[in-house]
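One structure below.
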Amino acid sequence: MNSRRKFIQGGLLSSVAALTPLASLEANEAYPHSIPVKPSSGKITILQTTDVHCQLHAHDELFWEKDELVFRKTGGYAHMATALDRMKQSNPENTITLDTGDMFQGSMLSVKTTGQAFVPLLNAMNYDLYLPGNWEVVYYKKNMQKLLGGLLAPKICANMYHDLGDGKKGELIFQPYQIMHRLGVKIGFLGYTDPLVPLRQSPMYSKGILYSKPEENLREYVSILKEQEQCDFVIILSHLGLSQQIALGNNPHCEGVDYIFGADTHERVRKPIQAAYTKIVEPGAFGSFIGKLDIQVKEGKVIGSTYELVEVDPIKYPAKKEILNLVNDLEGPWKSQINQVLGYSTLPLYRNFVVENTIDTLIVDALKWKVNADVVLSNGFRFCPPRIPGKDGKVAITEGYLFDMLPVDSTIRTAKATGQQIMNWLEKELQNVFAQDASLRFGGWLIRFKGMQVEFKAFERVGHRVQKVIIGGAPLELEKSYVLCACERDGDPEDMLCRMKGVKEAKNTAYTLHGMMKEYLAKFSPVTPTLRHDAKILDGPQSLLSQVTGVDYSFR
C-alpha cells in the first residue's frame, strides 16, 4: 500500500487524478457495466468502427483480389447497426462498441448541418466509447467540442490540449483514458489522435488546440493503467495511421499494451500485426468493415484473444428500420440536392491507390482546363468511397458525390515556384509517404498532378527518390520559374501552396473547387479520367495500395 501511495503522489499522476475521477464517475453512472463485477468465465467482445466519413448508405467498395479490381456493395449506417446488433446478441452483457474517429466530415449532409445531423445518428448506434479523429476539427475547435459533447458515451484523447498561447499547453480537452469492467476483467482504453493535424490540414481548423506526440506521455499513462488502476488488459485507441501505429507498437513506451485499435489510413487489417510490444489492427473505412476482438476469460483471467475483420454486407445485414428511418429524416431536407446529377464518368471512380487514381485524375483534368498553370495539384486524400457504372455503363456524379470527393469547397490558388523548390518539395512529399522510418510517414497518399511527369523510387533513401521530372514536355530546369495551382488552405502563410514553402506571387482565383468541377462536368460529361502514370514508381507496382511494408500485411 505504501508503494502504491507513493506512486499516486507522482507529478503527472496528480494532474491525471484531478482530471479523471469525475469523468469516470459519470461514465459509470451511464454505463453500469463499468462497475466491477464478480470474476467469471466467457468472452469479452470489442467492436470497432472508424473513418466512416459520414457515409450514410450502402455504397460501392473496392477490393483487390487476384491482382484485379473487384467492386461490391458494403456499409451504410442502418446495415452497420444490424451487424453490430447481431454480434452483440451473441454476447449481450460483455460487448463493448467504439468508434475511433472521422465521424463528422466527408459528406454533403455533414457540411450543410456543420456535422450536427450525425449527433443523433451516432447516439442511436449505442456506442460505448469514442476517439476524436483528425477530421473532427474540420468545423473548428468550438464546433468540435459541441459535436463531441453531444455524444452520450465518453470521449478519450491523451494528446489534445487547450492552447493557452505562446506554445503553452492548458488542460486536456478530453479525459485521457476510460476503464470498463467485464467478467471481472478490468480493461483500460487510452486514446491518441494524430499530432500532425495542423500540418496535414488547414491550420485554422485546429486553432486553439495543441497536440503532443504519443511518446511524450505514453509511458506514464500505461504505468497508471497497469500499476495504479491495475488493468488486466490495455488497449490504445489510435487515430495515427497504420505506419505510425506500427512504429508506436515497436516503441518501448508501449510495453504493457495488449492492442492498438488503429484508424486514419483506412487500412484493412485482417490478421493482427505483431509489433515488438503489442498487436495492431485497423478496420478499413466508410462503414464497410467492423473490427471484432474476442477476449477469452477464465475465472476473471485473460487467457487469449482472437480477431476478425467483418465485412458489412448489406444483403447479409439488412437495414435496421429505426436507423434507416432516422437517416431518411436527417437527410430529407437535402435529398433532392444530394441526388442532383452533375455529369457522368465512363470509368469507375476510386481513390484507393497510393500513386494515382481516377478521382484525382478527374480533379486535375478539370483544374488544368480551368486555370492557366504549368502544373496543377490535388492533395493525396483517401476519403470518398468508390462509385462504379450503373446499368447504362456510366457513373453518375451527383452533387452529394462531389462533396464526398471534395468535402471542403476550397478557393483555387496559384503561385510561382522555381524548379529547385519543386524538386525539394517532391522529395519531401515522397518522404512523407515512403519514409523508411515508419514514424516519419504521415498524411495521405502521393500528391496528384497534371502538367508534370515524375519518375521516382519509393524505397530509395531520403533525398534521392526523384529520378526524373518533366514539365510542359521539357526536363525540369532548377532555376526556371513555374506557375502552380492548388487549393487554398485556411491559415497557411501567404508564401505557401500545398505544403510548398517560399512560393512567390501567390494569389487566389475567383474559382472554387466545386464551381470548377460543375463547369467541367457540364461542358465535358461524360468524362473518361484514364490513368496516365504522370507519377511513375520505378521500384514497386503502380497498383500499390498501402504505405506499409516489412510486416505481414497487404490491403485487399
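Quick caveat: nothing in here was measured; it's all calculated off a predicted structure.
Taking the six-membered ring for Trp and thresholds of 30 and 60 degrees, F71 and Y350 have ring planes inclined between 30 and 60 degrees apart. The aromatic rings of Y77 and F118 sit tilted relative to each other, their planes meeting at an angle between 30° and 60°.
Nearest heavy atom pair, residue D264 against residue R382, reads O-NH1, 3.4 Å. The minimum heavy-atom distance between M80 and V312, with the atom names listed, is N-CG1, 3.9 Å. Of all the heavy atoms in T82 and K320, the pair that sits closest is OG1-N, 3.2 Å. Smallest separation of non-hydrogen atoms from L545 and W445: O-CZ2, 4.2 Å. For the residue pair R489 and P203, the shortest heavy atom distance occurs at NH2-CD, 4.3 Å. Minimum heavy-atom separation, P283 to G291: CB-N, 3.6 Å.
Between N352 and F555, the closest side-chain pair of non-hydrogen atoms falls below 4.5 Å. In this structure, L121 and L56 have side chains that are in contact, with non-hydrogen atoms separated by less than 4.5 Å.
Within 6.0 Å of CD in E65 there are more than 12 heavy atoms belonging to other residues, nucleotides or ligands. Counting non-hydrogen atoms of neighbouring residues, nucleotides and ligands closer than 6.0 angstrom, the CZ atom of R556 reaches no more than 12 such neighbours. Residue D392 places its CG atom among more than 12 non-hydrogen atoms of other residues, nucleotides or ligands, all under 6.0 Å distant.
For K394 (side chain) and P526 (main-chain N/O), no donor-acceptor pair under 3.5 Å exists by modelled atom type. Looking at Q245, its side chain does come within 3.5 Å of a backbone N or O of L240 through a donor-acceptor pair. Counting only distance, with no hydrogens or angles, the side chain of K368 and the backbone of A373 share a donor-acceptor pair below 3.5 Å. Here the side chain of S525 pairs a donor or acceptor atom with the backbone of Y344 at under 3.5 angstrom. Judged by distance alone, the side chain of N159 and the main-chain N or O of T193 form a donor-acceptor pair under 3.5 Å. Q547 contributes a side-chain N or O that, together with a main-chain N or O of V433, makes up a donor-acceptor pair within less than 3.5 Å. Counting only distance, with no hydrogens or angles, the side chain of E282 and the backbone of E267 share a donor-acceptor pair below 3.5 Å. A donor-acceptor pair is defined here as one N or O able to donate and one able to accept, closer than 3.5 Å; such a pair exists between the side chain of N123 and the backbone of G150. Formation of a donor-acceptor pair under 3.5 Å by the E136 side chain with backbone atoms of F104 is found in this model. Formation of a donor-acceptor pair under 3.5 Å by the Y317 side chain with backbone atoms of R86 is not found in this model.
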For this session: Could you give me the CA-CA distance, side-chain angles and deciding distance for L131 and D99, then say whether side-chain contact (heavy atoms from CB on, under 4.5 Å) is met?
Result: CA-CA 6 Å; L131 172 78; D99 189 281; over 6 Å; no
Problem set entry | ring-ring contact (aromatic ring centres under 6.0 Å, His included) assessment of Y140 paired with Y205 | CA-CA 5 Å; Y140 305 99; Y205 294 166; 5.8 Å; yes
Exercise. Is there a side-chain contact (heavy atoms from CB on, under 4.5 Å) between M87 and I290 once you walk through the steps?
Worked result: CA-CA 10 Å; M87 286 182 269; I290 296 169; 3.8 Å; yes
Exercise. Should Q244 and D194 be marked as a side-chain contact (heavy atoms from CB on, under 4.5 Å) after you check the CA-CA gap, both sets of side-chain angles, and the distance that decides it?
Worked result: CA-CA 9 Å; Q244 297 275 2; D194 187 0; 6.0 Å; no
Problem set entry | Candidate pair I260 and L248, rule side-chain contact (heavy atoms from CB on, under 4.5 Å), full reasoning | CA-CA 9 Å; I260 295 176; L248 194 64; 4.2 Å; yes
For this session: Decide ring-ring contact (aromatic ring centres under 6.0 Å, His included) for H53 and H266; before the verdict, give the C-alpha distance in whole Å, the side-chain angles of both, and the deciding distance to 0.1 Å.
Result: CA-CA 11 Å; H53 285 289; H266 303 184; 5.2 Å; yes
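Between D313 and K316 there is no salt bridge, since none of the side-chain N atoms of the basic residue sits less than 4.0 Å from a carboxylate O of the acidic one. Salt bridge absent: D534 and K450 never bring a charged side-chain N and a carboxylate O closer than 4.0 Å. Checked for salt-bridge contact, E61 and R72 miss the test: no charged N lies under 4.0 Å from a carboxylate O.
Under the 6.0 Å cut-off for aromatic ring centres, F403 and W334 do not qualify, their centroids lying 6.0 Å or more apart.
A donor-acceptor contact under 3.5 angstrom links the side chains of T512 and D409, judged on distance only.
Figure legend: cation-pi geometry between R448 and F381 absent, as NZ or CZ is not positioned both under 6.0 Å from the six-membered ring centre and within 45° of its axis. Seen from the ring of Y511, K370 counts as a face-on cation partner, given the 6.0 Å and 45° thresholds.
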